Amino acid sequence: MKILVCISHVPDTTSKINFTDGDTKFDTNGVQFVINPNDEFGLTRAMWFKEKQGALVDVVNVGGTETEPTLRKALAIGADNAIRVNAEATDGFFVAKQLAKVVQDGGYDLVIAGRESIDYNGGMVPGMLAALTNANFVNTCIGLEIEGDTATAIREIDGGKETSTAKLPLVVGGQKGLVEESDLRIPNMRGIMMARKKPLTVVEPVDADQETKAVQFEKPAPKGAVKLVSPDNVQELIDLLHNEAKAI
């Protein structure tokens with residue numbers, strides 16, 4: 001079985017976010033980048049298939065040279081090969097088109113992507129990728145087993161879980177639950193050294209239209225001042241909640 005894990009290169013959630021050029025571009029200065037958490041859950045599950053079923057695991061990213069350390073980390077965790085599509089990830093459709101070409105050229109049975117990236121939270125790429133490659137699709141996936149050419153997937157739905165089966169090829173939009181946080185792997189020294197010798201192939205992008213464009217970014221407004229009320233003055237608290245906050 002050949003598995004492709006899609007890796008997004010995203011800012012660490014502890015990084016301070018700023019914008020430049022009139023709030024039209026993301027400022028990367030001083031920002032630490034990591035593997036998108038939803039993708040890391042998928043990569044860890046792929047490692048299980050590699051170890052238990054002998055699967056070949058490749059990772060792919062659409063981005064410039066700055067994303068290669070993130071791909072190398074995925075190799076250090078245990079992926080066999082890495083592919084970087086040499087293009088800026090401008091929008092979801094563009095990324096899906098690039099990934100579709102990689103999938104078609106590689107003949108992958110299973111593609112695991114995060115349900116969304118934590119930077120733009122578009123949540124569009126896995127579904128579009130499945131449509132472009134004519135593959136089955138399961139989103140918000142929290143459980144996955146493969147037997148032969150049949151996958152059994154558990155997905156999170158409102159108020160519960162849904163179990164379904166699908167034939168390969170399959171695209172999965174994964175999230176926490178596919179593995180737990182305690183299952184995530186930290187690259188050890190041996191893995192880091194081996195990652196330096198593993199192939200990282202750079203491919204040029206295919207032509208694709210940019211269907212959307214970010215016009216401007218805006219950070220959340222700062223929180224207002226806190227109004228303190230004495231614990232002995234319950235009536236004032238009720239009055240504020242009713243007349244000012246409109247909470248009751």
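Computed from a predicted structure; not experimentally measured. Keep in mind that the numbers below use all heavy atoms, side chains included, and drop hydrogens, waters and symmetry copies.
Inter-residue side-chain proximity for Phe137 and Leu129 is flagged as unmet; no heavy-atom pair is nearer than 4.5 Å. Using a 4.5 Å cut-off on side-chain heavy atoms (C-beta onward), Thr201 and Val203 make contact. Considering only heavy atoms from C-beta on, Ile7 comes within 4.5 Å of Thr70 through its side chain. Looking only at side-chain heavy atoms (C-beta outward), Leu200 and Leu71 come within less than 4.5 Å of each other.
We find the CG-CG distance between Asn243 and Leu240 to be 8.0 Å, quoted to the nearest 0.5 Å. Atoms CZ and CG, from Arg115 and Asn36 in turn, are 10.5 Å apart once rounded to the nearest 0.5 Å. The distance from the OG atom of Ser8 to the CD atom of Glu116 is 10.5 Å, given to the nearest 0.5 Å. For the atom pair Leu43 CG and Cys6 SG, the distance stands at 11.0 Å (nearest 0.5 Å).
Listed for the Asn233 side chain is no donor-acceptor partner under 3.5 Å among the backbone atoms of Val229. With hydrogens and angles ignored, the 3.5 Å screen pairs no side-chain donor or acceptor of Glu88 with any backbone N or O of Val62. Side chain of Gln210 to main chain of Thr212: a donor-acceptor pair is present (N/O by atom type, distance under 3.5 Å, no hydrogens or angles). At distances below 3.5 Å, at least one donor-acceptor pair connects side-chain atoms of Asp12 with backbone N or O atoms of Thr14.
Between Phe33 and Phe26, the two ring planes are perpendicular [angle over 60°; tilted spans 30° to 60°].
Across Val206 and Lys97, no two heavy atoms sit closer than the pair CG2-O, 4.1 Å.
Among Ile186, Ile35, Thr44, the single residue meeting the side-chain contact (heavy atoms from CB on, under 4.5 Å) criterion with Ile77 is Ile35.
Because its NZ or CZ atom is not both nearer than 6.0 Å to the ring centre of Phe41 and within 45° of the ring axis, Lys176 does not count as a cation-pi partner of that residue.
Counting only residues at least two apart or in different chains, salt bridge (charged side-chain N to carboxylate O under 4.0 Å, His left out) contacts with residues 29-54 comprise Arg45-Glu145, Lys50-Asp80, Glu51-Arg185. Residues in residues 161-170 take part in these salt bridge (charged side-chain N to carboxylate O under 4.0 Å, His left out) pairs, two or more places apart or across chains: Asp149-Lys167, Arg155-Glu162.
Listed by chain and number, the residues in a side chain to side chain donor-acceptor pair (under 3.5 Å) with Asp207 amount to none (sequence neighbours excluded).
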